[in-house]
Amino acid sequence: MAFRTLRHPLINFCYGHPLLNAFHVGKAVTRKHCIHRVVLPQCATHLTTHEVGAIQIPYKTRCKSQQQCHRKLCSQTQSNEASKSSWVYDANFTPELDLQGFEDNFSEIANNVNHRKGDADVHHILQLWKTVQKLKKEYWEKINDVAQLKAHSSSTSNSNLKELEKSNEMLQRLGAEIEGKEHELYQCAAMLPNRTHPQVPLEEDAEPTLIKLVGTKPNFDFPIKNHIDLGEDLDILRIKHLGHITGHRSYYLKGAGAQLEEALVQYTLDRLLAKGFKMISVPDIVKPVPFEGCGMRTKGLHTQVYKIDADRHPGGYCLSGTAEVGIAGYFMDRTFELGELPQKVAAVSRCFRAETSGLSEARGLYRVHQFTKVEMFAVVADEHGDESETIFQEFHQIQRDLFTELGLHFQILDMPAHDLGAPAYRKFDMEAWMPARKAYGEISSTSNCTDYQSRRLKIKYKTSSGDTRFVHTLNGTACAVPRMIIAILESFQQPNRTIVIPKALQPYMYGESLITKPKRKALIHTRL
């Protein structure tokens, strides 16, 4: 007969437990003796049948009320947790955080959080960790007492049943306390950032480390224009007078502008496919768990995540701000064979971000609510400890080649600890020179997230020795279209206000070498 264990993110619920349900010795059990629930902490999944008296039981032997009770309980628990947590749990899905060495490495972890400007309360986490360990020890001592009672009992007398029911009530209370403390522990520990690469600058006022300058700044012997004026003059861009249509931080690309967007995407994909990447198309509407697993908060004042109206569409759905979320969700809860790794995929997606910057430098296409981006993502093994670093350098080289071929001038930066997002072990940024801004602007980044995301999303692989281990994940921007358009328009503008199309893009622009103002009249729009 098949066995089934009902699971919950923080605890396991075992209904009809043989040990606590009148020993389940084949004798008739009255309704009043049927104990519907025993609460066990998460580590109960590692117990053997001998240790707890057959934790797994035939699903068909459970009474109908037990099954209904389970469904109702799980539904209520999900609702309560979703309403009060900043880390979003899905039913049957818990991040497997590495907290075993937290107490021994407390100083190192606390310093790392401080260097990275994290908001995790490490002292509170340590206290919760100690409390949970103490409660679990008490719990297992009680389990052993019950097991001994069963071993020395030869009958199912009323006195034995009453003793077992009393023990079960105590286990339930203790298990509920473990559940609450463990839930709080995971809530707090999920806010911890990743470890930091030893070469990353740690100082509070540290500036990004310049790795390399590529290309040369364009020189102009005429007054230059910014990308907004250029785009409007050439009738390829509309940014103004959109308040009555889309609000601020939006845009239309028209004619050669729209063609340039498609050209950049296809140019990038052709080179990624030649490097062994596989294409994947990802959904734009995603539940919170993949966001949180990737280290992107869906709640709080500073979130950049758009949420779907929960009153009309229950489930906490969000609009994805990067294809990284959808790709990570695709690999979620999966175990790879070693021979299947590395996995390198590329996705083109629309990205939705609730940007709030009011700085003048964010005008135009630089910081918008919706844009097209080509994303790179990799899942790699951790057999020798250097696999993810190898892919990290590969991503970096791909980005460098892409922008060099386009003739852009850019700088490569190794970002300091205080500029790293929570998932990143190390991050390189690439900033292109934008002449009208008289400054560099970020056009790309690549991050090595080691096992930060895989632990939260349960992405594993089988090692050469047959064990399972968490993979390492990496992501990188191959092409963020709006900022690439800024760099191209401003860097290659001519005195007659035309734009020279980089040679690498000309095959994707129907052979055209210049963007010129269309001979027909510009599309007229009225302001409401």
Side-chain donor or acceptor of H418 paired with backbone N/O of D205 under 3.5 Å:
no
Tell me whether R483 forms a cation-pi arrangement with Y366, defined as NZ or CZ under 6.0 Å from the six-membered ring centre and within 45 degrees of its axis.
yes
Just wondering, do H115 and T196 contact through their side chains at under 4.5 Å, heavy atoms?
no
Taking the side chain as every heavy atom from C-beta outward, state whether L457 and F331 have any pair of such atoms under 4.5 Å apart.
no
For the pair E394 and K344, evaluate salt bridge (Lys or Arg N to Asp or Glu O under 4.0 Å) and give the outcome as yes or no after the intermediate values.
CA-CA 11 Å; E394 179 183 337; K344 297 188 298 182; 2.6 Å; yes
L474 and S388: side-chain contact (heavy atoms from CB on, under 4.5 Å), yes or no, with the steps?
CA-CA 7 Å; L474 303 96; S388 60; 4.1 Å; yes
Would one find more than 12 heavy atoms of other residues, nucleotides or ligands at under 6.0 Å from atom NZ of K181?
no
May I ask you to test the L185-I125 pair for a side-chain heavy-atom distance under 4.5 Å?
yes
Non-hydrogen atoms of E442 and S445 that approach each other most closely
OE2-CB, 3.8 Å
For a quick check under 3.5 Å, do Q453 and E324 share a side-chain donor-acceptor pair by atom type?
yes
Evaluate F470 against T450 for side-chain contact (heavy atoms from CB on, under 4.5 Å), listing each step before the verdict.
CA-CA 9 Å; F470 289 100; T450 60; over 6 Å; no
Centre of Y452's six-membered ring, under 6.0 Å away, within 45 degrees of the axis: is that where NZ or CZ of R456 sits?
yes
Quick one: which of H472, E340, E383 gives a side-chain hydrogen bond (donor to acceptor under 3.5 Å, both in side chains) with Y461?
E383
Are Y139 and L135 side-chain neighbours, meaning at least one heavy-atom pair lies under 4.5 Å?
no
Is the distance between the ring centroids of F277 and F395 under 6.0 Å?
yes
Taking atom types as modelled and ignoring hydrogens, do the side chains of Q397 and D401 form a donor-acceptor contact shorter than 3.5 angstrom?
yes
Look at atom OH of Y440 and say whether more than 12 heavy atoms of other residues, nucleotides or ligands are closer to it than 6.0 Å.
yes
Under the 3.5 angstrom rule, does the side chain of D419 hit a backbone N or O of M415 as a donor-acceptor pair?
no
Quick check: closest heavy atoms across I308 and C318, and the distance to 0.1 Å?
CG1-N, 4.3 Å
Contact between M296 and T322 at the side-chain level, heavy atoms closer than 4.5 Å - yes or no?
yes
Any side-chain heavy-atom pair of F352 and H369 under 4.5 Å
no
Taking all non-hydrogen atoms of both residues, which atom of T463 and which atom of L338 are closest, and how far apart?
C-CD2, 4.4 Å
Basic-acidic side-chain contact under 4.0 Å: R195, D98
no
Separation between CD1 (I327) and CD (Q343), nearest 0.5 Å, reads 11.5 Å
Give the minimum heavy-atom separation between M376 and A478, together with the two atoms involved.
CG-CB, 4.0 Å
If every non-hydrogen atom of T209 is compared with every non-hydrogen atom of P201, which pair is closest and at what distance?
OG1-CG, 3.4 Å
Can a donor-acceptor pair be found, under 3.5 Å and without considering hydrogens, that links the side chain of T446 to the backbone of N475?
yes
To the nearest 0.5 Å, atom CG of N112 lies from atom CG of L202 at 8.0 Å
Atom pair NE2 (H396) and CD (Q393), whose distance is rounded to the nearest 0.5 Å:
6.0 Å
Is it true that, when you exclude E108 itself, more than 12 heavy atoms of the residues, nucleotides or ligands shown sit nearer than 6.0 Å to its CD?
no
Least distance between heavy atoms, R353 atom then K373 atom
NH2-CE, 3.8 Å
From CA spacing to verdict: side chain to side chain donor-acceptor pair (under 3.5 Å), S250, Q370
CA-CA 7 Å; S250 188; Q370 179 179 344; over 6 Å; no
Quick one: does R455's side chain have a donor or acceptor within less than 3.5 Å of a partner on E96's backbone?
yes
Side chain of E387, backbone of G385: donor and acceptor closer than 3.5 Å?
yes
When rounded to the nearest 0.5 Å, the distance separating CZ of F410 from CD of Q399 is 9.5 Å
Checking R116 side chain against P193 main chain: does a donor-acceptor pair fall under 3.5 Å?
no
Determine, step by step, whether E375 and T477 satisfy the side-chain contact (heavy atoms from CB on, under 4.5 Å) criterion, reporting the C-alpha distance in whole Å, the side-chain angles of both residues, the deciding distance to 0.1 Å, and the verdict.
CA-CA 5 Å; E375 184 77 0; T477 301; 3.7 Å; yes
Any L341 side-chain heavy atom under 4.5 Å of V380 side chain
no
Please answer whether the main-chain N or O of V471 pairs with a side-chain N or O of S454 as donor and acceptor at a distance below 3.5 Å.
yes
Measure from the side-chain N and O atoms of T303 to the backbone N and O of V305, and report whether any donor-acceptor pair falls under 3.5 Å.
yes
Under 3.5 Å, side chain of N111 to main-chain N/O of S107, donor-acceptor pair present?
yes
Greater than 12 external heavy atoms within 6.0 Å of Q133's CD
yes
Salt-bridge test for K462 and E337: reply yes if a basic N is under 4.0 Å from a carboxylate O, no otherwise.
yes
Run L192 and V122 through side-chain contact (heavy atoms from CB on, under 4.5 Å) and show every step you take.
CA-CA 8 Å; L192 289 169; V122 290; 4.0 Å; yes
Mind checking the CG-NZ spacing from D414 to K212? Nearest 0.5 Å is all I need.
15.5 Å
Between the side chain of H197 and the main-chain N/O of Q199, is any donor-acceptor distance below 3.5 Å?
yes
Is there side-chain contact between S320 and C351, with heavy atoms separated by less than 4.5 Å?
no
Is it the case that more than 12 heavy atoms not belonging to L273 sit under 6.0 Å from its CG atom?
yes
Nearest-0.5 Å distance that lies between atom OG in S349 and atom CD1 in I280
11.0 Å
K307 atom NZ: more than 12 heavy-atom contacts under 6.0 Å:
yes
